Amino acid sequence: MSAVPKERHQGWRMPLTDIAISEQDVAAVMDCLRSGWLTMGPRTEAFEQALARHVGTPHAVAVSSGTAALHLACLAAGIGPGDEVIVPAFTFVATAAAVRYAGAEPVLCDVLGPGEFNLDPEDVAARITPRTKAVMAVHFCGYPAEVGALRTLCDERGLTLIEDCAQAIGATVDDDGAQAGTVGELGAFSFFSKKQLCVGEGGMVSTADGGMAERVRLLRSHALSSSTWDRHRGHDPAYDIVDVGFNYRMDEPRAALGLSRLARLEADIAVRRRLVRAYRERLAGVAGIELTWDERAVRRGSHFAFPVLLADRDRRDRFRAQLGEQGIQTTWYPALHSFSEYRDRVPAGALPRAREAAERHVALPLSATMHEGAVDVVVEIVRDAVSREG
Ligand SMILES: Cc1ncc(COP(=O)(O)O)c(C=O)c1O
């Protein structure tokens, strides 16, 4: 592989994340460009079929982003004005925004604990009202949410379960290997640049319900009764418009890239899991650092990010600054109710576990291109940073 272009690392000694584009990836995109057909067509169909097989879902519909996938999942679930959808307070904003695009109200819910960032099923149950239409479970950082318990709850209360799998392609939710995105009526995936399967921008909806899949297909392209590709092939020269849809189409170069990269996804996730285990081994017992989740979650997770906890927000911020000085890039996610747009939607002091998780965590560098030696370098700098706190 050629020298790392500077856009990728931006001067960081250890970037938070990194991607490798193989010669096959480049060839797949070049083939597509040379074919002269760039909008949604045969490569998108092939990508969808390969994704459906990989995830183990009857229907996979490719779209332009994970956010578009969440929006269309909400619409396919019949979510609309007057409805409430329970979402974790600790997630990326797209989870809640998609509910609002559909005209419904996201109801923020707490997570299991500061070291387990996913929805707490008991708190979900406590927030159900007559207006609740659905629960949106996020598999945060690639660690599977408690979708077994949430499935039971949703079945008992007549609610739809939507899985936000934007960070979790390839994660399994039980010991039989069922994948994230197959337990809810609908799953939404992201192929954004930093994700385990990345194409730049892209997403997918998974569902076992043929009617919902049809609805997503219709709405992703202006609710046209036939696609440009169908018309190009002469299958259906005319079209009707049967609803208000969107332009959420995936294009062919991204589908070609995704198809090429999908072949390496499992191997990439295995590398990520190996690195997470190496981090956990070396950080276990280091005073000042708390690990998140447990070995079962590590086995099932697909490891988008590797978060650890510091004692409190101040220490976390100092820790990040110290790592930054040594060229180690880190990040963290704020809780939704700390943002101006969401602050007034919950009473002061509400959702304490989500707030604590947000304030104490930091994500360390992790990618499928990293080596165990890099983990050693980061861990040494981590040890040094926490030892200075005394
Ligand atoms: C939890 C979560 N949901 C949704 C999204 C939205 O995905 P995209 O960026 O592809 O629109 C993201 C992406 O970063 C995410 O992390």
Side-chain angles (χ1 to χ4, degrees), residues 16-17 19 44 47 51 60-75 77 79 85-102 106 108-109 111 116-119 134-147 150 161-171 173 180-181 184 186-206 216 220 246-251 254-255 257-258 261 272 292 301-307 331-337 339 341-342 354 357-358 361 363 366-367:
L16 180 67
T17 186
I19 58 168
T44 307
F47 187 36
L51 284 167
V61 186
V63 292
S64 53
S65 70
T67 307
L70 285 168
H71 182 191
L72 295 186
C74 287
L75 296 180
I79 292 165
V85 177
I86 297 175
V87 304
F90 194 29
T91 180
F92 182 62
V93 66
T95 315
V99 173
R100 295 177 71 187
Y101 300 164
L108 305 191
C109 184
V111 298
E116 277 182 279
F117 304 169
N118 288 323
L119 268 185
V135 175
M136 189 99 88
V138 179
H139 303 283
F140 211 22
C141 300
Y143 292 95
E146 300 297 316
V147 282
L150 292 170
L161 178 62
I162 299 174
E163 293 174 72
D164 180 341
C165 309
Q167 301 188 358
I169 191 163
V173 295
L186 295 135
F189 294 77
S190 166
F191 308 131
F192 174 67
S193 258
K194 296 177 179 173
K195 300 290 169 16
Q196 297 92 322
L197 178 61
C198 67
V199 303
E201 301 286 353
M204 168 185 93
V205 176
S206 62
V216 173
R220 90 175 144 178
F246 306 87
N247 177 356
Y248 282 166
R249 294 184 297 267
M250 172 165 279
D251 63 24
R254 287 183 177 84
L257 182 58
R261 297 179 66 78
R272 287 171 176 269
T292 55
S302 63
H303 304 287
F304 170 61
F306 177 65
T331 195
W332 66 287
Y333 285 88
L336 289 184
H337 52 311
F339 290 116
E341 180 63 20
Y342 288 88
H361 84 284
L366 180 68
S367 71

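Both counts, for ligands and for their atoms, begin at 1 and track the order of listing. The shown structure was predicted, so the numbers you read here are calculated from the model rather than taken from an experiment. Atoms considered below: every heavy atom in the structure, side chains included; atoms not considered: hydrogens, waters and symmetry mates.
- Taking atom 8 (P) of ligand 1 as the reference point, the nearest protein heavy-atom neighbour is Gly66 N, 3.5 Å.
- Protein heavy atom at the shortest distance from atom 1 (C) of ligand 1 is Asp164 OD2, 3.5 Å.
- Among the atoms of Thr91, none of the N or O lies under 3.5 angstrom from an N or O of ligand 1.
- Relative ring orientation between Phe47 and Phe191 is described as tilted, the plane-to-plane angle lying within the 30° to 60° band.
- Lys195 NZ, 2.7 Å is the protein heavy atom nearest to atom 14 (O) of ligand 1.
- The nearest heavy-atom contact from the protein to atom 15 (C) of ligand 1 is Ala166 CB, 3.5 Å.
- You'll find the side chain of Glu341 stays beyond 4.5 Å of the side chain of Val93, heavy atoms only.
- Using a 4.0 Å cutoff on heavy atoms, Lys194 does not count as a contact of ligand 1.
- Atoms of ligand 1 found under 4.0 Å from any heavy atom of Ala94 (numbered from 1 in listed order, with element): 4 (C), 5 (C), 6 (C).
- Taking 4.5 Å as the limit, every side-chain heavy atom of Tyr248 sits out of range of all side-chain heavy atoms of Val205.
- The protein heavy atom nearest to atom 11 (O) of ligand 1 is Thr67 OG1, 2.5 Å.
- Annotation: Gln167 places an N or O atom under 3.5 Å from an N or O atom of ligand 1; distance criterion only.
- A search for side-chain hydrogen bond (donor to acceptor under 3.5 Å, both in side chains) contacts involving Ser367 returns Thr369, not counting sequence neighbours.
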